[in-house]
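Input: a single structure, listed below in structure tokens.
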Amino acid sequence: RRYLTALKLRLLSVRFPADRAASEQQDPLEELNTFGQLLAALSTLKLPFVFETAVHNVGEAIHFYVAAAEESLEYVMRAIHGLYPDALVEQVDDYTIFDPRGIMDGAYLKQKEARAVPIRTYAEAKLDTFAPVVGAFTRIKTVGEGLALQVVVKSAPKFAKRNIESRIKELKKGETSKEKKGVPAAPPIIDEEAIKTLEQKVGKQLFAVNVRLVASAATKERSQSLLESLAAAFAQFSAPKRNSFRIMRPRNLKSLALEFSFRSWNEQEMLILGTDELVSLFHFPSGSVAEPKVLSVKSREAPPPDELPE
């Protein structure tokens, strides 16, 4: 059934002017808030929506894609244009990262700690945490190799918010030490920092997310190397008193390949991420991502003159 649902998805290519990074005036980190607004707009969709960064099996260009249900496609395009007026958004045919003679490798992300515990975000790191992820896509050979990051998103179930609120309530009670005979118990220890980070997470919209990493190359060793290079970029989201990601190798690689190809939702792979967390691990190219291999619009389209000759 989930594969049938995925068949309803249509693919959009999203590109930006090549001179965008040079002309961007605002703080690159402030710019990431725009992607958070896009997430909020798309959260109203009934079916999961999908973001992808990929290098095809032929070529070195880094592509950015959005997939959504066919009936929602116009809404998605308007939402992107409303927040990114300079973006070129167009429906395209599906692509492949797989070479017919190649070897595939793949993995998905899982939160190491409880889903309520947040990862380190771009706001805490004070840098664009997605830039190293994009950097992993620059090592692909022109022919016979491919790499993709797939992020399947939908609004988080109601229990996710309840779980975080329950955790906050427990933390506010504090951690008490055991009372010893003749020694009064110490006052409870309250972890204010943990409470603050949880309140920040639950204060914004929560999302249920699947994150898949897929690579293809001529040999098993090269495919693993490409995947590990991409996976390594997710180590930066770990910090003291924060969550981290585990790179999960599936028992059945063919099953992961099917899920990737059909862009299907898998409940067993579910992460619960706040808006800032999701923006930290994926967003459209910002002014701080000056990577020449990112596929761009070579020149801005000039508007037609007011009066055209007859």
Beyond-backbone contact of [X] with [Y], side-chain heavy atoms, under 4.5 angstrom:
{"X": "L88", "Y": "V14", "value": "no"}
{"X": "L149", "Y": "V133", "value": "yes"}
{"X": "K220", "Y": "I103", "value": "yes"}
{"X": "V50", "Y": "V151", "value": "no"}
{"X": "L109", "Y": "R246", "value": "no"}
{"X": "Y84", "Y": "V89", "value": "no"}
{"X": "L271", "Y": "F207", "value": "no"}
{"X": "F245", "Y": "L281", "value": "yes"}

Cut-off 3.5 Å, no hydrogens considered: what does the side-chain donor-acceptor table look like for residues 54-67, sequence neighbours left out?
residue: H56; atom: NE2; partner: Y65; partner atom: OH; Å: 2.7
residue: N57; atom: ND2; partner: F98; partner atom: O; Å: 3.2
residue: H63; atom: ND1; partner: Y65; partner atom: OH; Å: 3.3

Under a single-linkage definition using a 4.5 Å side-chain heavy-atom cutoff for Ile, Leu, Val, Met, Phe, Trp and Tyr, are [X] and [Y] assigned to the same hydrophobic cluster?
{"X": "L32", "Y": "L39", "value": "yes"}
{"X": "V211", "Y": "I97", "value": "no"}
{"X": "L256", "Y": "V153", "value": "no"}
{"X": "V117", "Y": "Y122", "value": "no"}
{"X": "M270", "Y": "M248", "value": "no"}

Value rounded to 0.5 Å, distance of [atom1] in [X] from [atom2] in [Y]:
{"X": "I119", "Y": "S244", "atom1": "CD1", "atom2": "OG", "value": "9.5 Å"}
{"X": "T53", "Y": "L147", "atom1": "OG1", "atom2": "CG", "value": "9.5 Å"}
{"X": "I80", "Y": "L42", "atom1": "CD1", "atom2": "CG", "value": "7.0 Å"}
{"X": "S255", "Y": "L253", "atom1": "OG", "atom2": "CG", "value": "9.5 Å"}
{"X": "L73", "Y": "L11", "atom1": "CG", "atom2": "CG", "value": "9.0 Å"}
{"X": "E269", "Y": "W265", "atom1": "CD", "atom2": "CH2", "value": "8.5 Å"}

**Prompt:** Does anything in residues 101-119 pair up under side-chain hydrogen bond (donor to acceptor under 3.5 Å, both in side chains), and if so which pairs, sequence neighbours excluded?
**Reply:**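 Residue pairs with at least one partner in residues 101-119: D105-R249.
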**Request:** Any pair with a residue in residues 143-154 that passes side-chain hydrogen bond (donor to acceptor under 3.5 Å, both in side chains), sequence neighbours left out, goes on the list, sorted by first then second residue, please.
**Result:**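 side-chain hydrogen bond (donor to acceptor under 3.5 Å, both in side chains) check on residues 143-154 returns E52-Q150, E145-R222, Q150-R212.
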**Message:** Restricting to side-chain hydrogen bond (donor to acceptor under 3.5 Å, both in side chains), what partner residues turn up for S43, sequence neighbours left out?
**Reply:**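 Applying side-chain hydrogen bond (donor to acceptor under 3.5 Å, both in side chains) to S43 gives Q205.
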**Message:** Just to verify, what does F51 make a ring-ring contact (aromatic ring centres under 6.0 Å, His included) with, not counting sequence neighbours?
**Reply:**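 Testing F51 for ring-ring contact (aromatic ring centres under 6.0 Å, His included), a comparison that skips the adjacent residues, returns F35, F49, F282.
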**Item:** Selection residues 270-283 - residue pairs positive for salt bridge (charged side-chain N to carboxylate O under 4.0 Å, His left out), sequence neighbours left out
**Value:**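 For residues 270-283, and leaving out neighbouring residues, the salt bridge (charged side-chain N to carboxylate O under 4.0 Å, His left out) pairs sorted by first residue read K201-E277, K204-D276.
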**Asked** Restricting to pairs with a member in residues 87-96, which pass salt bridge (charged side-chain N to carboxylate O under 4.0 Å, His left out), not counting sequence neighbours?
**Response**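 Output for this query lists R15-E90, D94-R263.
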**Asked** Hey, does the side chain of N243 reach the backbone of A114 with a donor-acceptor pair shorter than 3.5 angstrom?
**Response**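 Yes, because the side chain of N243 sits within donor-acceptor range (under 3.5 Å) of the backbone of A114.
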**Item:** Side chain T44, main chain A41, donor-acceptor under 3.5 Å
**Value:**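 Yes, T44 side chain to A41 backbone: donor-acceptor pair under 3.5 Å.
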**Message:** Do the side chains of K8 and E71 get close enough for a salt bridge, i.e. N-O under 4.0 angstrom?
**Reply:**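 The answer is no: the pair does not qualify as a salt bridge.
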**Message:** Between K173 and E170, does any NZ, NE, NH1 or NH2 come within less than 4.0 Å of an OD or OE carboxylate oxygen?
**Reply:**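 Result for this pair is yes, salt bridge flagged.
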Smallest separation among heavy atoms of [X] and [Y], with atom names:
{"X": "K293", "Y": "T138", "answer": "NZ-O, 3.0 Å"}
{"X": "L83", "Y": "Q37", "answer": "CD2-OE1, 3.4 Å"}
{"X": "P157", "Y": "I272", "answer": "CD-CD1, 4.2 Å"}
{"X": "F16", "Y": "P285", "answer": "CE1-CD, 3.8 Å"}
{"X": "D86", "Y": "P17", "answer": "O-CD, 3.3 Å"}
{"X": "S216", "Y": "D99", "answer": "OG-N, 3.5 Å"}

Would you list the atom pairs, donor with acceptor, under 3.5 Å between side chains in residues 224-240 and any protein atom, with sequence neighbours excluded?
residue: S229; atom: OG; partner: R139; partner atom: NH1; Å: 3.2
residue: Q236; atom: NE2; partner: T129; partner atom: O; Å: 2.7
residue: Q236; atom: NE2; partner: A233; partner atom: O; Å: 2.8

**Message:** If you apply the rule salt bridge (charged side-chain N to carboxylate O under 4.0 Å, His left out), what do you find for R10 with E70, and how did you get there?
**Reply:** CA-CA 6 Å; R10 296 293 178 266; E70 187 170 14; 3.5 Å; yes
**salt bridge (charged side-chain N to carboxylate O under 4.0 Å, His left out) between E259 and K254, intermediate numbers included** = CA-CA 9 Å; E259 290 176 346; K254 288 184 178 180; over 6 Å; no
**Message:** Are there over 12 heavy-atom neighbours, none belonging to R242, within less than 6.0 Å of that residue's CZ?
**Reply:**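 Result for CZ/R242: enclosed.
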**Request:** Using the test salt bridge (Lys or Arg N to Asp or Glu O under 4.0 Å), find all partners of K172 that sit at least two apart in sequence or belong to another chain.
**Result:**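 With neighbours one apart ignored, the set is E199.
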**Prompt:** Can you list the residues that meet the salt bridge (Lys or Arg N to Asp or Glu O under 4.0 Å) rule with E165, with sequence neighbours excluded?
**Reply:**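 Salt bridge (Lys or Arg N to Asp or Glu O under 4.0 Å) check on E165 returns nothing, list empty.
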**Pairing residues for N163 by the side-chain contact (heavy atoms from CB on, under 4.5 Å) criterion, not counting sequence neighbours** =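 side-chain contact (heavy atoms from CB on, under 4.5 Å) list for N163, sorted by chain: F159.
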**Request:** List for me each residue that meets side-chain contact (heavy atoms from CB on, under 4.5 Å) alongside Q268, sequence neighbours excluded, and say none if there are none.
**Result:**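 Counting only residues at least two positions away or on another chain, Q268 forms a side-chain contact (heavy atoms from CB on, under 4.5 Å) with N266.
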